[in-house]
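A, B, ... follow the sequence lines: proteins, then strands. Residue 1 opens every chain.
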Amino acid sequence: MDELLKILESLHPDVDFTTREALVDDRVLKSFDIVAIVSEIYEAFGVAVPPEEIVPENFNSAKALYALIERLEDE
Amino acid sequence: MKGRRWPAALLAAVCALGALYLAQRLLVPKYQTGVVEGSMVAEYYRETVDHDLVFIGDCEVYENFSPITLWETYGISSYIRGSAQQLTWQSYYLLEDTLRHETPRAVVYNVQALQFSQPQSEAYNRMTIDGMRWGPAKVRCILASMTEGEHFIEYLFPLLRYHDRWGELTGDDVEHLFSKDPVTHAGYYMRVDVKAQTGFPEPRMLADYTLGEKPMDYLGRMADLCREKGVELILIKAPIEYPHWYDEWDRQAAAFAAERGLTYLNLIPLREEIGLDMSTDTYDAGLHLNTGGAEKLAAWFGGWLLERTDLPDRRGEAAYDAAWREKTDYYNAMKERQYAELAQYGELVSFGANAVER
Amino acid sequence: MLFTSYAFVGFLALTLLAYYLVPGRCQWPLLLAASYVFYWAASPWYLLFILVTTASAYGVSLKLAALSGEQRAYLAAHGDLTREEKRAFRAGIKKRKWAWLLGCLALNIGILAVTKYTNFVIRSLNALTGGGLRPVDMIVPMGISFYTFQTVGYVIDVYRDRQPAQRNFFKLALFVSFFPQLVQGPISRYGQLSETLFTPHRFQEKTFSFGLMRVLWGYFKKVVLADRLLPAVTALTGDAAYTGAYVLAAMLFYAFELYCDFTGGIDITIGIGEAMGIRMPENFDLPYFSKNIREYWNRWHITMGTWFTDYIFYPISVCRPMLRLSKWSREHLGQAVGKRVTVYLSSFAVWLATGIWHGAAWNFVAWGLTNWAVIMISQELEPLYERFHRRFALRGKAPYEAFQVVRTVLLMSAIRMFDCYRDVPLTIAMLGSMFTRFDPRIFTDGSLLDLGLDGADLLVLGLGLAVALAVSLFKRKKGSVRQALYEKPAAVFYGTMAALLVCTVVFGAYGAGYDAAQFIYNRF
Amino acid sequence: MRKRALTALVCAVALACLSAGCGSGKDAAADGGQAGPSSKYVFEFKGVEVAVNAEMAPLAEALGEPSDYFESESCAFQGLDKVYTYGGVTVRTYPQDGKDYVLSVELRDDAFPTREGIYIGADRDAVLEAYGQPADETGAAVRYVDGDCTLAFLLTDGTVTGITYTSDAA
């Protein structure tokens with residue numbers, strides 16, 4: 001989780017990712033950010049997020065994103 | 001909430017329709033000065049007396065025959081149902097329309113338009129058709145006449161056609177919002193000025209001199225309709241040489257008349273007998289007669305007509321006398337006005353081309 | 001039937017009437033019939049194309065759903081499998097699903113490509129080789145880009161298990177052919193549109209009148225504003241002699257024309273839906289108030305943008321080769337390049353596709369790639385802006401925001417000239433002439449009156465655009481104009497509607513003297 | 001795997017386009033149809049191309065003073081119909097939106113041939129040899145149609161006595 005937060009904060013240092021719950025809906029994360037996050041995740045966790053998982057529900061909060069990573073690692 | 005909203009909706013709808021109606025009255029051209037040809041067809045419906053003789057055709061009737069002369073000389077009550085470039089099928093439907101209102105003894109049709117097999121221009125269509133009263137004849141006339149890009153609904157709601165005129169409205173449009181002044185004399189368009197005929201260019205060479213199927217078909221329908229109603233149909237060609245009336249066309253018109261047992265009279269070779277002098281009797285170098293010419297032609301033609309057709313002399317019948325007196329007065333007044341303008345300016349200023357607001 | 005034809009207005013009135021007269025369960029079949037009549041009226045041949053698309057999407061989506069069901073059932077029944085065994089099974093199913101999806105995509109994108117791009121390829125080949133291949137006479141079904149995208153989106157959603165497959169063929173057929181959006185979008189997602197498309201709707205005064213108001217507003221923008229601007233745009237872009245300040249005039253005229261044309265058309269579309277209780281996605285969010293070009297593309301033709309993002313941008317940028325490329329670049333070319341490579345390549349592909357989607361011609365490719373370049377440049381300049389803002393604290397200040405908005409509109413309008421002049425070198429020369437031959441006197445000496453618009457036209461345009469601007473400003477500050485009117489006495493609401501109708505009929509640029517103008521986006 | 005194919009698909013489209021070179025032609029389909037000549041049958045004399053439906057004003061200037069000129073106001077002032085005569089060549093115009101366009105060109109004598117080399121006085125077979133199969137033929141005329149122009153050779157006893165180019169648009 002800490003590693004994920006580090007990735008997110010490197011993109012938007014001014015955002016508190018531990019509390020925000022609607023990162024996509026509030027347009028904090030845009031498509032370019034999402035692509036960057038996915039490639040960072042691939043690098044850090046070895047998990048490739050498939051396009052069908054790129055939905056707001058999975059990217060709206062750091063927690064949801066972390067849950068996604070865990071689920072993908074499991075599958 | 002709903003119960004209280006629908007009256008407002010209804011009211012708004014009524015207001016919108018009212019505004020559109022007013023806009024339509026305002027924006028549809030009035031054809032009161034300059035281009036008066038657009039008023040001709042509707043003017044017929046103001047007539048108070050019946051007509052024993054009705055002319056049907058294009059400018060070759062409404063500029064070349066003076067019904068006032070026919071009245072004054074022979075007591076013939078006549079009317080010209082003509083409009084600018086009135087096509088044969090339009091003439092047929094106007095005949096149908098006329099015969100719904102009255103049954104004259106004779107109808108004179110001028111054959112010049114037989115050369116057109118296609119609608120020629122949207123502007124002429126509108127001038128001819130817009131003035132017609134609604135009925136099956138008008139509907140069929142529209143359907144037969146529409147050029148590419150015209151829509152029936154634009155005849156039903158002329159606002160859709162003329163909505164764009166708000167930039168070119170004139171005093172006429174406001175003044176004649178609800179009423180129009182007469183512009184013709186029993187359908188006759190008066191011009192007293194003179195411009196001598198000097199000559200015409202060589203006639204166009206045509207690859208095919210056959211008159212079109214569509215106009216000939218409608219001519220046939222005219223003949224059928226007249227026979228059915230017991231009206232004598234007489235075909236004429238006005239004594240005008242331009243646009244050229246080819247011998248080939250003349251033969252076809254004559255053949256049609258012979259086949260149907262009708263009279264066909266080409267007036268071009270009879271000009272001398274009629275007494276027409278194309279250096280003084282035309283206002284536009286020979287394309288149309290002026291009033292002097294139209295009176296001469298009417299006088300001659302009335303005499304010719306009475307030799308073969310029984311047309312009553314209506315003089316002395318009170319209703320006719322009253323109606324024609326009014327017409328004659330208006331005719332004479334306009335004539336005086338035109339002569340006055342000619343004397344003062346050397347040309348007409350409130351009639352014809354000079355009065356067209358562009 | 002163009003939206004602006006008498007025939008369509010009559011068709012729409014009849015459809016709306018019938019819609020509320022038939023029982024609720026017959027409403028969607030009625031819409032399907034109406035949509036097919038609408039499409040048939042354009043050309044009976046088109047029906048063949050749309051039926052092929054519908055049938056392939058129907059069959060493939062059912063197959064995809066069946067395969068997903070098989071996977072679920074198998075995994076549920078075999079809870080004792082190891083992770084590797086599960087993975088292997090999933091991979092097997094996925095492979096089969098992918099084959100079906102690819103076949104469906106190949107067929108539909110193939111039809112789109114062949115009908116729309118054959119002549120483009122032939123012309124380009126001829127230009128390259130000097131050859132004399134004859135362009136072929138190709139049927140291009142109306143709205144094919146829109147309905148193909150919409151249908152393909154649905155199939156991919158089923159493939160991704162985001163969307164259950166529609167088992168009723170006729171319902172799917174309605175989704176593909178729904179007439180208001182058939183010719184120019186918006187590109188709806190199945191999940192969203194199906195919520196309201198098939199359900200029965202009772203007549204409700206508010207939704208119906210809101211819909212009608214929006215339809216009228218759309219017509220107003222299209223026939224009063226866009227079509228009245230058209231002659232000037234045609235004159236300015238049709239003659240290369242209009243250089244310098246005229247290019248600026250052309251940019252602005254076209255910007256307004258395109259805006260009024262496209263948003264007007266979409267307002268008509270969405271308004272028709274609203275009047276029937278059907279919700280379609282919004283396609284615009286006050287695009288000309290955007291502060292930068294990326295924001296502009298999030299607010300202009302939104303459904304196309306999100307479609308490209310979801311179905312092209314993401315799949316390309318998160319595919320394994322791309323991820324590996326990104327990793328490799330970081331290791332070998334450094335962090336700076338590594339971070340950028342994915343976004344650069346994927347967005348390049350997206351903008352290339354966007355350009356080609358707009359038109360089968362090089363000027364559209366140039367247009368798309370210029371957009372891409374500008375977005376990338378502004379992305380790179382971001383840190384610079386940050387420093388600038390920290391220094392001067394202008395962010396959020398009204399004059400600075402106004403400057404940003406004007407800058408974005410001008411920039412977008414300039415890029416759009418590729419689409420206007422339809423010739424890449426000419427466009428560049430014309431835009432260049434603005435800097436070498438700018439003569440501002442044309443705006444005041446009456447030169448603009450020689451473009452086919454007289455003083456009265458300009459007056460109507462000025463007033464009309466002012467109204468449109470006021471509506472936009474209100475929307476930006478306070479939200480829905482219709483809602484605000486609705487809260488006033490009913491006479492105000494319906495009076496506005498009546499006034500809108502009368503103004504559109506009287507001041508619209510339609511009928512004799514005007515060529516029936518297609519909606520610009522009908523071409524795509 | 002699947003994404004790779006999708007990438008490949010997009011790349012293939014891109015490649016197909018790029019490899020086609022960078023010729024930039026005007027998109028003909030999107031150009032609005034404008035009034036104007038659109039026929040291969042064009043008469044040329046005195047070094048001026050006189051096509052039907054072409055605007056007359058510049059042609060009249062190029063052709064110089066006509067040997068005869070006639071104009072007539074059409075009914076209800078819908079514009080002037082004009083007839084220009086240049087020796088044996090007659091050019092007629094029709095008005096539209098305030099401008100005059102060529103309605104027809106007529107050749108009456110053998111001073112000028114058609115572009116394809118037919119003079120007044122040629123025989124029918126020479127016409128067919130020069131122009132190919134006609135659109136229709138009567139005893140009195142051989143007609144060819146292309147675009148908005150009908151070209152007619154008027155025959156008397158198998159000899160061309162008149163040649164007309166006529167607009168089908170007006």
Exercise. Can you tell if the side chain of C:V318 reaches within under 4.5 Å of the side chain of A:V38, non-hydrogen atoms only?
Worked result: yes
Exercise. Within a reach of under 6.0 Å around CH2 of C:W372, are more than 12 heavy atoms found that belong to other residues, nucleotides or ligands?
Worked result: yes
For this session: Nearest 0.5 Å please: distance from the CZ atom of C:R160 over to the CD1 atom of A:I54.
Result: 8.0 Å
Exercise. Which region of C:I375, side chain (C-beta onward) or backbone (N, CA, C, O), has a non-hydrogen atom less than 4.5 Å from a non-hydrogen atom of chain A, or is it both or neither?
Worked result: side chain
Exercise. Taking side chain as C-beta onward, heavy atoms only, is C:S326 less than 4.5 Å from A:Y42?
Worked result: no
Exercise. Given side chains that start at C-beta, do those of A:S39 and C:K327 come closer than 4.5 Å, heavy atoms only?
Worked result: no
Exercise. For the atom pair CG (C:N298) and OG (A:S31), what is the distance rounded to the nearest 0.5 Å?
Worked result: 7.0 Å
Problem set entry | Axial cation check for A:F32 ring with C:R294, 6.0 Å and 45° limits | yes
Problem set entry | C:R162 vs A:V55 side-chain heavy atoms within contact, under 4.5 Å | yes
Problem set entry | Sub-4.5 Å side-chain heavy-atom contact between C:R330 and A:E40 | yes
Exercise. Is the backbone of A:A48 close enough, under 3.5 Å, to the side chain of C:R320 for a donor and an acceptor to pair up by distance?
Worked result: no
For this session: Could you tell me which portion of C:S346 (side chain, backbone, both or neither) has an atom closer than 4.5 angstrom to a non-hydrogen atom of chain A?
Result: neither
